[in-house]
Number of protein chains: 2
Amino acid sequence: MRSETKDKIAELATELVQQVGYPSLSYQQISSQLGMKNAAVHYHFPSKEDLGLDVVRRDHELFTKFTTSLEGQSAEEKLDAFLTSYQQLLENGNRICMIGASASDYKQLPDSIRQEATTYLSEVKDWFTRLLENGKADGVFQYKGSAAGKAALITSALAGALQHARLIGNDHYLAVVAQLKLELKP
Amino acid sequence: MRSETKDKIAELATELVQQVGYPSLSYQQISSQLGMKNAAVHYHFPSKEDLGLDVVRRDHELFTKFTTSLEGQSAEEKLDAFLTSYQQLLENGNRICMIGASASDYKQLPDSIRQEATTYLSEVKDWFTRLLENGKADGVFQYKGSAAGKAALITSALAGALQHARLIGNDHYLAVVAQLKLELKP
DNA sequence: AAATTTACTTACTAGTTAGTAAGTTTTGCA
DNA sequence: TGCAAAACTTACTAACTAGTAAGTAAATTT
C-alpha cells in the first residue's frame with residue numbers, strides 16, 4: 001500500500017544519503033527536486049528519523065532480495081554480482097554504500113537507524129562468510145584463517161574502497177577488487 | 001607563530017570532524033565547548049573552509065612526522081605502529097580516520113580541502129607501498145600481486161574497518177587487523 | 001608613555017533547518 | 001452524486017547555520 005510519491009521520495013533520499021550523508025539530507029532539497037512542497041514530504045515521512053529509517057530499511061531489503069535472487073548460482077558468480085553492484089554505485093554519481101554512509105554518519109543517527117544499520121551489516125558479513133565457506137569447500141576460493149575473518153576484511157575493504165575512490169579516482173576501487181580476487185584464487 | 005587558542009580550536013575541530021564530519025562541524029559547538037564566543041573562532045579561522053583545511057593539513061603533517069619518526073625501524077614495527085595509531089582513534093571516542101571522514105564528506109567539501117585530502121591519501125598509499133616492498137625484500141612480508149595493489153587493499157580495509165566497528169563493535173577492527181597480518185606472514 | 005597590534009565580546013544578519021496547524025484539492029468508493 | 005479519506009499547499013515557528021561590523025581590553029612595540 002505504498003504510494004508512488006512515497007517511493008519516489010525514498011528513492012531520492014537514498015541517492016542523497018549515499019552522496020551527502022544523513023545529516024545533510026534535507027526536506028527542502030527533496031521537495032524542490034520532486035516539484036512539491038516541504039510539508040508534502042512531511043506528510044509521507046513525518047520526521048526525518050522516519051525517512052532515514054525507511055531509506056536504510058529499503059536498502060537492506062534490496063540486499064536481501066538480491067542475495068535471494070542469486071541462490072543456486074556459484075560462489076564466484078555471487079561474488080562477481082556483488083562487486084558489480086558496488087561498482088554501479090561508483091559509476092552512478094560516486095555514491096558510497098548505505099552501510100558505509102551509516103557508519104560515517106553514525107554519531108548523528110537516531111537509535112532506530114543505528115540498529116537497522118547494525119543488523120544490515122551483520123547480515124552482509126554473514127552472507128560473505130557463507131559465500132567464502134562454500135567457495136572454499138568447492139575449491140574455487142582459497143584463503144588463510146577463518147571465513148568470518150576474511151569476510152570482515154572483504155566487507156570493510158569494499159566499503160573503504162568506494163570512499164577512497166572519490167579522492168583518488170575509480171581505478172582505486174578496481175585495484176582493490178583485483179587484489180581481492182587475485183588472493184582468493186586457489 | 002600559531003597562538004595557543006588557534007591550536008586548541010584546530011584540535012577540537014579535528015576531534016569533531018572525526019566524530020560527526022565536516023558538514024556537522026559548527027562554530028557554535030566549538031566556541032561553547034572552549035568557553036568563548038562564536039566570533040572568536042571566526043577571528044582565528046575566518047571561514048569554515050579555512051578551519052576545515054587546517055584540520056586536514058594538521059592531520060597530514062602529523063602523519064608525515066609519524067612516518068619520519070619511524071624511519072630506521074623494521075617493516076613489521078612500522079606496520080604495527082600504524083595499526084596501533086588507528087586503534088587509538090577507535091578507543092578514543094570511536095573516531096574514524098581523517099581520510100575516511102574526508103572521503104565520506106567529499107561531496108560537501110570545498111575544493112581546497114578535497115585536494116589536500118587527495119594528496120594525503122596518495123602519500124599514505126605510497127608509504128604503504130614502500131613498506132610492503134621493503135617487507136617482502138626482507139622476507140618478513142608475503143603477498144600476491146603488486147605492492148601498490150596490496151597497499152590499496154590494506155588502506156581501504158583499515159578505513160572501512162574503523163567505520164564498521166562503530167556499527168558492530170571494536171572487535172571487528174581487531175578481526176580485520178588479525179586477518180591482514182595473518183595473510184602477510186610468510 | 002603613546003601608538004599599534006592582537007585577541008577577543010557584543011550584537012546582529014540572512015539563510016537554512018525540521019516540523020506544525022489549518023485549509024484546499026484530488027481521488028476513490030458507496 | 002455525495003461523502004470521506006488521501007494527498008497535498010499555504011503559512012508559519014523556533015532553532016540553528018556561517019559570517020560580519022563595531023567596540024573593547026590587553027599585550028606588544030616604538
Side-chain angles (χ1 to χ4, degrees), chain A residues 1-17 19-57 101-102 104-114 116, chain B residues 1-17 19-57 101-102 104-114 116:
Chain A
M1 283 297 157
R2 286 186 69 115
S3 77
E4 257 185 48
T5 307
K6 191 170 183 178
D7 277 340
K8 277 192 178 173
I9 293 171
E11 264 173 52
L12 176 57
T14 299
E15 201 179 317
L16 290 172
V17 165
Q19 279 180 348
V20 301
Y22 176 80
S24 300
L25 174 73
S26 90
Y27 277 72
Q28 231 168 47
Q29 197 175 359
I30 291 170
S31 59
S32 74
Q33 215 157 323
L34 293 181
M36 43 171 58
K37 299 298 164 183
N38 226 328
V41 183
H42 276 284
Y43 171 77
H44 293 284
F45 298 99
S47 79
K48 193 173 172 180
E49 177 170 356
D50 295 322
L51 176 55
L53 182 56
D54 200 56
V55 162
V56 180
R57 277 222 183 104
S102 301
S104 45
D105 296 340
Y106 189 75
K107 304 256 175 181
Q108 321 253 356
L109 295 182
D111 237 51
S112 62
I113 305 184
R114 289 181 173 184
E116 177 63 33
Chain B
M1 280 301 156
R2 285 186 71 116
S3 77
E4 259 184 47
T5 307
K6 191 170 183 178
D7 277 340
K8 277 193 178 174
I9 293 171
E11 264 173 52
L12 177 57
T14 298
E15 200 179 318
L16 290 172
V17 165
Q19 278 181 349
V20 302
Y22 176 80
S24 301
L25 175 72
S26 91
Y27 276 72
Q28 230 169 49
Q29 197 175 358
I30 291 170
S31 58
S32 75
Q33 215 157 324
L34 292 180
M36 43 172 57
K37 299 298 164 182
N38 225 326
V41 183
H42 276 284
Y43 170 77
H44 292 284
F45 298 99
S47 79
K48 194 174 170 180
E49 176 171 356
D50 295 321
L51 176 56
L53 182 56
D54 200 57
V55 161
V56 180
R57 277 221 183 106
S102 300
S104 43
D105 295 339
Y106 189 76
K107 302 257 176 180
Q108 321 254 355
L109 294 182
D111 237 50
S112 61
I113 305 184
R114 288 182 173 185
E116 176 63 34

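Protein chains get the first letters and strands the later ones, always in sequence-line order, with residue 1 at the start of each.
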Measuring from B:Tyr106:OH to A:Gln19:CD, what's the distance to the nearest 0.5 Å?
-> 12.5 Å

Between D:dG19 atom C1' and B:Glu49 atom CD, what is the distance in whole Å?
-> 14 Å

Polar atom pairs between nucleotides 7-13 of chain C and protein, under 3.5 Å, N or O only, would you list them?
{"from": "C:dA7", "atom 1": "OP2", "to": "B:Tyr43", "atom 2": "OH", "distance (Å)": "3.2"}
{"from": "C:dC8", "atom 1": "OP2", "to": "B:Thr5", "atom 2": "OG1", "distance (Å)": "2.9"}
{"from": "C:dC8", "atom 1": "OP2", "to": "B:His44", "atom 2": "NE2", "distance (Å)": "3.1"}
{"from": "C:dT9", "atom 1": "OP2", "to": "B:Lys37", "atom 2": "N", "distance (Å)": "3.1"}

Could you tell me whether the side chain of B:Ser24 and the main chain of B:Gly21 form a donor-acceptor pair under 3.5 Å?
-> no

Can you check the A:His42 NE2 to C:dA18 P distance for me, whole Å?
-> 7 Å

What's the spacing between A:Arg114 CZ and A:Asp105 CG if we round to 0.5 Å?
-> 11.0 Å

Is it the case that more than 12 heavy atoms not belonging to B:Lys37 sit under 6.0 Å from its NZ atom?
-> no

Give, ordered by number, those residues of residues 24-33 of chain A having at least one heavy-atom distance below 4.0 Å to an atom of DNA chain C; if nothing qualifies, reply none.
-> A:Leu25, A:Ser26, A:Tyr27, A:Gln28

Any sub-3.5 Å donor-acceptor pair from B:Asp50's side-chain atoms to B:Ser47's backbone N or O?
-> yes

Is there side-chain contact between B:Pro23 and B:Gln108, with heavy atoms separated by less than 4.5 Å?
-> yes

4.5 Å side-chain heavy-atom contact, B:Leu51 and B:Tyr27 | yes

NZ (B:Lys8) and OG (B:Ser3) are apart, to the nearest 0.5 Å, by 10.5 Å

Sort me out a list of protein N/O and nucleotides 24-29 of chain C N/O pairs below 3.5 Å, or just none if empty.
none

Donor-acceptor pair, side chain of B:Lys48 and main chain of B:Tyr22, under 3.5 angstrom = yes

Mind checking the CD1-NE2 spacing from B:Ile30 to B:His44? Nearest 0.5 Å is all I need.
-> 12.0 Å

A:Phe45 has an atom CZ; how far is it from atom C1' of C:dG19, in whole Å?
-> 16 Å

